[in-house]
Amino acid sequence: MTGSQPSPARVVLHPQFVVGTIDRRLFGTFVEHMGRGVYTGIFEPGHPSATAAGFRADVLELTRELGPTVARYPGGNFVSGYRWEDGVGPAAERPARLDLAWRSLETNEFGLNEFIEWSRLADVEPMLAVNLGTRGPQEAADLVEYTNHPSGSRLSELRRDHGYDAPHAVRVWCLGNEMDAEWQVGAKTAQEYGRLAAETAKLMRLVDPDIELVACGSSMRSMPTFAQWEAEVLEHCFDVVDYISMHAYVEEYDGDLPRFLASGVLMDRQIEQITATLDHVAARRRSDKTVDIAFDEWNVWFQEDFAGPQSLTFEHAPRLIEDTFDVAAALVVGTMLNSLIRHCDRVRIACQAQLVNVIGAIRSEPGGPAWRQSIFHPFAHVARCARGVALRPIVEGPVVEVDGLGEVPTLDVAATRDPDDGSVALFVVNRSVDSAADTDVDLSAFGPLRCLEHLELAADGDVRRANTAQDPEAVSPRQAAVPALHGGHLHVTVKPLSWNAIRLVPISTKE
Ligand code: AHR
């Protein structure tokens, strides 16, 4: 497992070192009409497990176990050419269309109402995106009317005719997707998009004043538009939006594992730099309003393996970016989740991209099995255990020098406390490839606690291990020995290349 001596490390937590309250929507997911995300992913009439509506019950069950709180739909790049009307009404009458974003054939068998039904079964809050690539304010307002208006108007009555009497009450809406990107169908300049977003937001809010709106931020930190785009766009729509979106995909370049494992540091920087930009715009406007962040696409994605949409040939539900994730990817996802928790005072919503098959936490085969990828596990632990407020951990321990990033702590830590029951959760990734960390966690300020569980997912000498259809449990967390507390200190040995979720409860709590 390791040739090196364990390194000493120290973590101090205090109930008063609070970052902010965690919005449960921080643990969201994303379902795009892309590849096999929808078709043969969540929806496959004819699959042995299919419900009467055609949803895959095996995928539904895994989704519930994963525990996302919101699901963004229908894209992604897909939404920028989408006509939502194509996907509602009698399925036999829906048109097949060319999806120009992913050069695929969209049959529209699955649309808005199917997604809402699926999300209710999966116990997730639906979060919708409107097309601001090829369409504009009127179509977006029409969609809000169809979706959320109770009755009496043409589009609300159309929804009722389609069998949905009650409004869907969708609260969060994205104003387009990655509008600064040259690959986006209908890409815009910041000026064009800022004005369009402002007018679209105005109309959508006139239909339903209770909605929350997400304006597009720049598509990633390496874009030339990064930060300047946000500032210019918000000059137009600051007063009418609630969030700005942020996206990040990370991958391993040239087999540089230490750098890959340090990717979460870039997420920290991205959040902190855009937060500064948002506050700069507020300051220029002398505004007391805070625009927050919806990190509505993030994950590991081995983009170097994808030949791009130009390589595609208008197939229906092609196998697209079905990356297989190993233990290393799970550790990186763990650090990205930790970053979101540590910044929960400004990141209110986040969506791991994506749910099934397309860089998915879940994989499924047409007519065959569904299984958990390695990255499923840290997400499921955090979605279940991170409750209440995020704590600001003080961490002392070894650092590793990473090319281009400087000194990066080997221990990546996030912590939460639920004020309702006093429980504490600690999430730790050890990035060291060869050293365990002998870690002293000072919890003495919390009163008597006991450790309830320690879930561990470790490389154990093989960081390339991955789950497959043939071996779906190759990467699975295990219950490590539950560490005891002495004098308010927890001593835990954190294995090299491992993810750890540790849960503590006040000593009086029974479980
Ligand atoms: O998640 C895959 C794609 O990545 C999305 O469609 C797009 O928004 C992003 O570039």
Side-chain angles (χ1 to χ4, degrees), residues 28-39 41-42 68 70-82 98-104 106 115 127-134 172-188 193 197 214-226 229 243-251 263 267 270 293-312 317-323 325 329 332-333 336 349-363 373 375 379:
T29 188
F30 176 34
V31 175
E32 178 166 8
H33 280 254
M34 172 180 180
R36 299 193 308 112
V38 171
Y39 304 107
I42 63 172
V70 293
R72 180 170 176 249
Y73 172 87
N77 295 343
F78 171 81
V79 79
S80 295
Y82 184 50
L98 299 185
D99 158 25
L100 300 182
W102 300 113
R103 289 179 54 88
S104 301
E106 175 53 57
F115 177 68
M127 166 175 171
L128 297 180
V130 301
N131 172 359
L132 290 189
T134 59
V172 185
W173 296 78
C174 305
L175 297 163
N177 178 71
E178 294 188 348
M179 298 307 308
D180 63 323
E182 89 2 80
W183 60 80
Q184 200 66 213
V185 171
K188 311 260 182 289
Y193 173 69
V214 184
C216 290
S218 50
S219 306
M220 53 182 145
R221 189 165 177 266
S222 56
M223 296 288 281
T225 43
F226 183 69
W229 167 275
Y243 312 94
I244 199 101
S245 74
M246 201 175 275
H247 292 178
Y249 292 102
V250 299
E251 64 187 306
S263 306
M267 193 162 183
Q270 188 175 356
I293 295 166
F295 213 128
D296 54 23
E297 284 185 36
W298 66 268
N299 205 356
V300 173
W301 174 5
F302 303 114
Q303 297 199 51
E304 285 200 329
D305 298 344
F306 177 46
Q310 64 283 0
S311 64
L312 304 169
R319 288 186 184 267
L320 217 52
I321 62 170
E322 297 189 1
D323 291 0
F325 295 122
V332 172
V333 161
M336 294 177 97
I349 302 173
C351 304
Q352 189 181 34
Q354 301 190 6
L355 179 66
V356 200
N357 293 328
V358 179
I359 44 174
I362 299 169
R363 283 283 293 275
Q373 292 236 59
I375 62 169
F379 188 103

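Remember, it's 1-based here, ligands and their atoms both numbered in the order they're listed. Computed over heavy atoms, backbone and side chain alike; hydrogens, waters and symmetry mates excluded.
The closest protein non-hydrogen atom to atom 4 (O) of ligand 1 is E297 OE1, 3.2 Å. Protein heavy atom in closest approach to atom 2 (C) of ligand 1: Q354 NE2, 3.5 Å. Nearest non-hydrogen protein atom to atom 1 (O) of ligand 1 is Y249 OH, 2.7 Å. Protein heavy atom at the shortest distance from atom 6 (O) of ligand 1 is E32 OE1, 2.6 Å. The protein atom (non-hydrogen) at minimum distance from atom 10 (O) of ligand 1 is E178 OE1, 2.7 Å.
Relative ring orientation between H33 and F78 is described as parallel, the plane-to-plane angle staying below 30° on a 0-90° scale split at 30° and 60°. Using the six-membered ring where Trp is involved, Y73 and F115 have ring planes that are parallel, under 30° apart on the 30 and 60° scheme.
Using modelled atom types, one side-chain atom of D323 and one backbone atom of F302 make a donor-acceptor pair closer than 3.5 Å. Side-chain N or O atoms of Q310 include one that pairs as donor or acceptor with a backbone N or O of A307 at under 3.5 Å. Put simply, the side chain of Y193 gets close to the backbone of C216: a donor and an acceptor are under 3.5 Å apart. Side-chain atoms of D296 do not come within 3.5 Å of backbone N or O of R72 as any donor-acceptor pair.
Taking a cut-off of under 4.0 Å to the non-hydrogen atoms of W102, the atoms of ligand 1 that pass are 3 (C), 6 (O).
A heavy-atom separation below 4.0 Å is found between W301 and ligand 1.
Considering backbone and side-chain N/O atoms, H247 never comes within less than 3.5 Å of an N/O atom of ligand 1.
Residue contacts with ligand 1, taken as heavy atom pairs separated by less than 4.0 Å, involve N177 solely via side-chain atoms from C-beta onward.
Between the side chains of S219 and D180, a donor-acceptor pair is found at a separation under 3.5 Å.
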